[in-house]
Each structure stands twice: as C-alpha cells, then as structure tokens.
Amino acid sequence: MNPTPSESQPIETQVLDGLALANEIRAELGESVAKLVAEGHRAPCLAVILVGDDPASRSYIKGKQRACARIGMDSVEHMLPASTSQDELLELIAQLNADDAVDGILVQLPLPASISPAAVAEAVDPAKDADALHPTTSGRLLAGTADLISCTPLGIMAVLDHYEIPLEGANAVVIGRSNIVGKPVSLLLQQRNATVSMCHSRTRDLADVCRQADILVAAAGQPRMVKGDWIKPGAAVIDVGVSEVDGKLVGDVDFEAAQGRAALITPSRRGVGPMTITMLLRNTLLAYRTRKGL
Ligand code: GUN
C-alpha cells in the first residue's frame, strides 16, 4: 500500500471487516484453550461485572460472554443494581481477586456517578486485570514491560499489522486522551516508532494536524467530527467512535466522505468492536497462563 499517493490519484478505500479478522484470531485462541483443557487443565474464566441496567452495556457484556463461550472459555456475570455502593462493588472485586477459579476481571464502564472508576480500577488485582486499567498495568505499558494491554488499543495495533500499515517513522495522530484508548494507543504507536500527536478537545488547528496523519485514530466520542478533507489521501483511518445519531450508528469519522481518500477505514459496525472483545479474550487467557505458570 502506498501511504502517500498524490491528491489526484483515485484511491480504493478498503473497509475493515473487523469480525472476520477477530474470528481468525479467536480461532487461534480457541485452539490454545482446547489444548490446555486436553492437557487436563480447567478452562480460563472471565468475571464480568455490570452495575446498573444500561441497555448498551448489557448488550456489550452479553457479546463478551458469548465470545468467551465460543472459544471454550468460562465466564461468570455479576449484575448489580444501580444503587450498589462503591464499597459493595469493591467487596465483590476483592472476592473475585481471591477466587482462584477467576482469571480475568472486567468491570463494565460507565459506572454510576456515585462510584469512582479510578477506585474500581485500582481494586482489581493486576494479575487479573483483563481490561488493563490498573495503574500498575498502565505503568508497565509506559515502561514498555506490559503483557496485559488495553483491549481496544491492542485491537487497533492488530488491525494495522494485519493490513501491513508501515508504522516506523509514520505520522500517527490520535484524537482523544482517555485512559482506555487514547493514551495507551499513543504509547503503543510510539513504541513501534511512529511519531505520535496526541490530540484532544483543546488542540489548535485539529484539521491541519489530522491532514499530516498517515495513521489517524479517532477516539473522541464525537459523531462525524473528522471530515473528509481532514484525511490525508492514502491514510489508514481507525474509527473507535460509536454514537447513535437519528437511530443510526455513526463513528467519529464521516465514513462516506472518507471513501476514496483513506486507504483503509474501520466502520462503526463490525469494525474495531469485535477486535476489542478478541483482545479481552487474549488478556484473560494470558492472565490465566501467567498466574498458573502454563
Ligand atoms: N465500556 C465500553 N468499552 C469498554 C471496555 O473496553 N471496557 C470496559 N470495562 N467498559 C467499557
């Protein structure tokens, strides 16, 4: 793929089939789980916690549990009412930390306003930190020694590698600086020798910064904020945003306007989402292997 074709060249935009790529990786993970079980070990187990009854979160959790089941991984769910106190949630996490049959713990976000996401992230045993949100886990990422890595950033890197997008020396622009996507993906790109600009709501001349991007990661949660003419012809565009506008799922990038400009784009549906779930499975299996020495 030519990363910098001239403006006049027509560009055929590849649209990622995130589910197809996710299924390829899940098949490999499933083989690893089957091998462990055939050797007489138990299957790895992910514990998922949902506080409240947000329908979108409920659906995400079901998707994660379905994905576990499909590769032979166990999962247990803990559905707590929205009235759950922070102390009650921390007590449950402490029980799961102590439970040898649980290998990964995920607390679905967002949480009710009365519960501190930072306190919850710190309560999870770093050895079971499938979501990679504990400060010890993110500190290891900063130090370049992490094995458990945030799921969406890991999924994004797998997409870029699948399409053999050159990273070394590339200009990567990340819009959004969340702990769960923007910060960790910026570090991963930088570790692969990209030159990374981490942008946010106060970035000056954002459109001009984006126009320099060989790799553009949009993770701001602002529907269609990235316009077609912000995209450098031939760029790889990773759209992490999923918003509902007029009953339709849209990303942070104007998907239609990106056609014919981007060399690669990820759609809102069957884009990065299935890759995130796949990396959750990967992290849970890795946490299990590491804790059990397998
Ligand atoms: N809510 C939306 N995406 C995620 C995720 O990747 N992890 C958690 N814990 N909550 C989320």
Side-chain angles (χ1 to χ4, degrees), residues 25-26 29-30 32-33 35-37 39 41-51 57 60-80 84-111 115-155 178-181 183-184 187-188 275-294:
I25 302 170
R26 288 182 202 182
L29 293 170
S32 299
V33 171
K35 189 157 176 281
L36 285 167
V37 171
E39 287 165 0
H41 304 289
R42 66 164 172 80
C45 177
L46 174 70
V48 292
I49 304 174
L50 175 64
V51 186
S57 290
Y60 286 139
I61 280 204
K62 289 286 164 220
K64 288 168 185 177
Q65 290 191 273
R66 246 193 330 267
C68 285
R70 289 207 179 120
I71 66 155
M73 193 177 272
D74 290 335
S75 67
V76 286
E77 63 174 31
H78 294 268
M79 302 294 197
L80 306 180
T84 303
S85 70
Q86 179 168 307
D87 282 349
E88 286 167 329
L89 177 57
L90 298 188
E91 173 55 31
L92 172 60
I93 294 171
Q95 282 171 24
L96 297 171
N97 285 342
D99 186 344
D100 190 49
V102 169
D103 304 296
I105 301 171
L106 176 136
V107 183
Q108 185 68 22
L109 301 173
L111 288 161
I115 299 178
S116 154
V120 169
E122 290 205 30
V124 173
D125 181 346
K128 299 187 177 187
D129 191 15
D131 228 7
L133 289 172
H134 191 286
T136 295
T137 317
S138 38
R140 286 182 184 142
L141 179 61
L142 199 64
T145 58
D147 45 12
L148 298 178
I149 296 171
S150 306
C151 305
T152 301
L154 212 46
S178 65
N179 289 343
I180 201 162
V181 182
K183 286 180 199 167
L187 286 169
L188 292 175
M275 295 300 291
T276 296
I277 295 180
T278 303
M279 296 306 160
L280 175 65
L281 305 175
R282 175 255 186 210
N283 280 351
T284 304
L285 175 59
L286 181 59
Y288 172 65
R289 281 189 185 284
T290 306
R291 216 164 49 80
K292 297 288 177 191
L294 293 171

Heavy atoms, side chains only, cut-off 4.5 Å: are Val51 and Glu88 in contact? no
Do Pro110 and Ser57 have side chains that approach each other closer than 4.5 Å (heavy atoms only, starting at C-beta)? yes
Side chain to side chain contact (heavy atoms under 4.5 Å, CB included) between Leu109 and Val120, worked out: CA-CA 10 Å; Leu109 301 173; Val120 169; over 6 Å; no
Mark yes when over 12 heavy atoms from residues, nucleotides or ligands other than Arg70 sit less than 6.0 Å from its CZ; otherwise mark no. no
Find the distance between CG (Leu154) and CG (Asn283) and round it off to the nearest 0.5 Å. 6.0 Å
CA sep, side-chain torsions, deciding dist, call: Leu141, Lys183, side chain to side chain contact (heavy atoms under 4.5 Å, CB included): CA-CA 10 Å; Leu141 179 61; Lys183 286 180 199 167; over 6 Å; no
Check whether any side-chain heavy atom of His41 sits under 4.5 Å from a side-chain heavy atom of Leu294, and report yes or no. yes
For the residue pair Ile180 and Ser150, what are the closest heavy atoms and their distance? O-CB, 3.7 Å
Salt bridge (Lys or Arg N to Asp or Glu O under 4.0 Å) contacts in which one or both residues fall within residues 129-141, not counting sequence neighbours: none
Is there a side chain to side chain contact (heavy atoms under 4.5 Å, CB included) between Leu285 and Leu36? Walk through the geometry before answering. CA-CA 10 Å; Leu285 175 59; Leu36 285 167; 3.7 Å; yes
Should His78 and Leu96 count as side-chain neighbours, where that means a heavy-atom distance under 4.5 Å? yes
Does any part of the side chain of Met275, heavy atoms only, come nearer than 4.5 Å to the side chain of Ile25, both counted from C-beta? yes
Residue pair Asp103, Arg289: steps toward the salt bridge (charged side-chain N to carboxylate O under 4.0 Å, His left out) verdict: CA-CA 9 Å; Asp103 304 296; Arg289 281 189 185 284; over 6 Å; no
For Arg291 against Ala127, the heavy-atom pair lying closest together: CD-CB, 4.2 Å
More than 12 foreign heavy atoms under 6.0 Å from NZ of Lys292: is that the case here? yes
Distance-minimising heavy-atom pair for Asn97 and Lys128: O-NZ, 2.9 Å
Would you mind reporting whether Leu111 and Gln86 have side-chain heavy atoms less than 4.5 Å apart? no
Does any N or O in the side chain of Thr137 come within less than 3.5 Å of the main-chain N or O of Leu133, such that one atom is a donor and the other an acceptor? no
For a quick test of reading the model, state the closest non-hydrogen atom pair linking Leu281 to Met73 and the distance between them. O-CE, 3.5 Å
Can you name the closest pair of heavy atoms from Thr278 and Leu29 and give their distance? O-CD1, 3.7 Å
Asp125 (side chain) donor-acceptor with Ile105 (main chain) under 3.5 angstrom: no
Quick check: do Cys45 and Val76 have side-chain heavy atoms less than 4.5 Å from each other? yes
So Asn179 and Ser138, do their side chains get closer than 4.5 Å, heavy atoms only? no
